[in-house]
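Both backbone and side-chain heavy atoms feed into the values below; hydrogens, waters and symmetry mates do not. Just so it is clear: chains get the letters A, B, ... in the order the sequence lines come, proteins before strands, and each one is counted from 1.
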There are 2 protein chains.
Amino acid sequence: MTQFNESELTEAVIKSFDNTPNPRAKFLLQELVKSLHDYVSKTNLTFEEWDYAIDFLTRTGHKCTDTRQEFILLSDVLGVSMLVDAVNHRDREGATETTVLGPFYVGEHTVTPHGADISPHNLTGEKMFVQSCVMDINGKPLAGVPVDVWHADDDGLYDSQKPNYDSVGASGRARFITDADGRFTFRTILPCSYPIPTDGPVGEMIVKTNRHPMRPAHVHFLVNAKGHEPLITHVFISGDKYLDSDVVFGVKDELVAKVEKRSDAATPDGKEVAAPWHLMTYEFHLKPGGGLAPKPLGVKAEEPA
Amino acid sequence: MTQFNESELTEAVIKSFDNTPNPRAKFLLQELVKSLHDYVSKTNLTFEEWDYAIDFLTRTGHKCTDTRQEFILLSDVLGVSMLVDAVNHRDREGATETTVLGPFYVGEHTVTPHGADISPHNLTGEKMFVQSCVMDINGKPLAGVPVDVWHADDDGLYDSQKPNYDSVGASGRARFITDADGRFTFRTILPCSYPIPTDGPVGEMIVKTNRHPMRPAHVHFLVNAKGHEPLITHVFISGDKYLDSDVVFGVKDELVAKVEKRSDAATPDGKEVAAPWHLMTYEFHLKPGGGLAPKPLGVKAEEPA
């Protein structure tokens, strides 16, 4: 007997993975088969729809490069990234909340002196001074901790999205090392809300389904201290109109920072600044533990053929 | 309130698609969100596993070219393609059973005279003569019907998988037009069982999970008659050792043809042939209806960036 009716087919595919040596891989694959088959049966998926899905996945793959990750974007806009984040961070024990990594962590962050201006090149925007510190969950400062920072420019683009990225290099992107008191500071411009890229299949889906493509203004932080869980998060700017409808569902109340509008002539480190400027103050609390920080883009993926 | 617990998150993502204009697209997307979120929650998917999935999908996309479709292969080995086939062909009403299109339909089939030898170039193998006809479900012959045929060579490769495909062109691949009696004939070599490509992420999964990568020997047929449903199927060679464990779950009993081993000096059309040779006889019965034949590879997908 070689042929199957619908339920026999699903059972046969599940059984085909019975000899998978790794028990977790076996579980994940067999559950994947159940889930995919349930979806096809429940929706009575047509050939045209299947064909559309194959084409959509192929175009999504072809959009991925060393500096662009369209599959992460797809996972983000379907809320899958935030759900993976949620199931892996069920108990924060007072540590700072986490959110999505996003598709623009490219891992070329250069250690930069405290107070340095990392504003995107050649761009205008009101200045922002960021003062922050890294502590454990008991409030003890953590020294010597690398903190990767990245944010979009006034046009809503990350440095890695620009055609001249290879020649210009990092911009709005740096690594700081906390001092003996766990502190670090930098200056940049006040980020603004921006759309996810809409020139690929994921953006096309957002447009066709009448969703808006906007993310509320934020700065990304990746804090990676020895003996603690790597913290992947954003700090959002209070008052942004998209805080309630982030296209990637990444906002958490605790991650919204009050950013003060200031008119003093100097930032807290005594340097001159043109008014008005903005002061962001935010503290990070790390949970004890270990684990690897995420690999930056381009490290594992093969080049397009 | 901007943040969600796990079930609120799923509801928020489902709701984000509420304004999708096309009701079927809305249904498919909202069910997709439920299905993906159920999977992540049920499996407690880790970041490393999510990262592996993103990388796997990216590599799968990068393997896709105009002549190779790794996502169709993925759908095939997970039994999804056969299930889509099943839910769309629940009542055959006596028509020939369908099976997967497979990833090697490249749509460059040239109309070829009856009786022509379409054997793959420069390859050995015992000769096979195929005599076939196309009828409706009442046994009435259908004249002037295009029938696309494709099969692998003795090394288990399709013409389109070979590096010299652009210069050599179609091989083991042709289109025949049925005559007034619905008949067509051709000669080729007896196909053999062969592995799916194992040099990509899908093949890697098959190997790592201790599945075998083999498909039983078969010839692909795509029969596309006016006023009838396009028939996408294979005819399998009886006796093949992989009929019970096809890696893509594509076998149906009715599609296994008895292929006779012969030692006569001529094929049924009177032409000389070296013994031993093989005679495949198979009739196709088409269901009334309409619908589009599948688009060949490369027609819709964008080029890699």
Side-chain angles (χ1 to χ4, degrees), chain A residues 2-3 6 9-10 12-13 16-17 19-21 28-29 31 33 35-47 49-51 54-55 57-65 71-72 75 78-80 82-84 86-88 209-211 243-244 249 251-253 294 300-302 304-305, chain B residues 2-4 6 9 12-13 16-17 19-21 28-29 31 33 35-47 49-51 54-55 57-65 71-72 75 78-80 82-84 86-88 209-211 243-244 249 251-253 294 300-302 304-305:
Chain A
T2 49
Q3 82 186 50
E6 286 174 42
L9 173 63
T10 303
V13 183
S16 75
F17 287 108
N19 297 323
T20 305
L28 289 175
L29 284 163
E31 289 296 326
V33 171
S35 188
L36 288 170
H37 283 226
D38 279 354
Y39 181 78
V40 170
S41 293
K42 183 163 50 174
T43 60
N44 283 318
L45 200 71
T46 68
F47 287 109
E49 289 158 356
W50 175 85
D51 190 51
I54 295 286
D55 182 58
L57 290 168
T58 304
R59 289 189 293 127
T60 301
H62 285 175
K63 267 286 176 199
C64 294
T65 65
F71 277 116
I72 293 184
S75 169
L78 294 177
V80 171
M82 277 309 284
L83 187 61
V84 172
V87 302
N88 285 284
T209 57
N210 282 337
R211 287 176 57 178
L243 282 172
D244 284 325
F249 311 93
V251 179
K252 292 178 179 175
D253 294 341
K300 287 169 62 186
E302 282 182 12
Chain B
T2 49
Q3 81 186 51
F4 315 106
E6 287 174 41
L9 174 63
V13 183
S16 76
F17 287 108
N19 297 323
T20 305
L28 289 176
L29 284 163
E31 290 296 326
V33 171
S35 187
L36 288 171
H37 283 226
D38 279 354
Y39 181 78
V40 170
S41 292
K42 184 162 51 175
T43 61
N44 283 317
L45 200 71
T46 68
F47 288 109
E49 289 158 355
W50 175 85
D51 190 50
I54 295 288
D55 181 59
L57 289 168
T58 305
R59 290 189 292 127
T60 301
H62 285 175
K63 266 287 176 199
C64 293
T65 65
F71 276 117
I72 293 185
S75 169
L78 294 177
V80 171
M82 276 309 285
L83 187 61
V84 173
V87 302
N88 285 284
T209 57
N210 282 337
R211 287 176 58 179
L243 283 173
D244 285 325
F249 311 95
V251 178
K252 292 178 178 174
D253 293 340
K300 287 169 61 186
E302 281 182 13

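Put simply, of A:V33, A:L28, A:N19, the one with the most heavy-atom pairs under 4.5 Å next to chain B is A:L28. Between chain B and the options A:S16, A:P21, A:S41, heavy-atom pairs under 4.5 Å are most frequent for A:S16. For the options A:V87, A:T20, A:L83, A:N210, heavy-atom pairs under 4.5 Å to chain B are most numerous at A:L83.
Atoms CG and CZ, on A:L9 and B:F249 in that order, are 7.0 Å from each other to the nearest 0.5 Å. Atom CD of residue B:E31 and atom CG of residue A:L45 lie 11.5 Å apart, to the nearest 0.5 angstrom. With rounding to the nearest 0.5 angstrom, the CG atom of B:L29 is 11.0 Å from the OG1 atom of A:T43. With rounding to the nearest 0.5 Å, the separation of CG in A:D38 from CG in B:D38 is 9.0 Å. The distance from the CZ atom of B:F17 to the CZ atom of A:R211 is 4.5 Å, given to the nearest 0.5 Å. Rounding to the nearest 0.5 Å places SG of A:C64 at 9.0 Å from CG of B:L57.
Judged by distance alone, with hydrogens and angles left aside, the side-chain atoms of B:H37 form a donor-acceptor pair with the main-chain N or O of A:L78 at under 3.5 Å. A donor-acceptor pair is defined here as one N or O able to donate and one able to accept, closer than 3.5 Å; no such pair exists between the side chain of A:H62 and the backbone of B:T65.
Heavy atoms closer than 4.5 Å to chain B are found in the side chain of A:S75, but not in its backbone.
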- Task: Kindly determine whether A:W50 and B:I72 satisfy side-chain contact (heavy atoms from CB on, under 4.5 Å), including the steps that lead there.
- Result: CA-CA 10 Å; A:W50 175 85; B:I72 293 185; 3.9 Å; yes
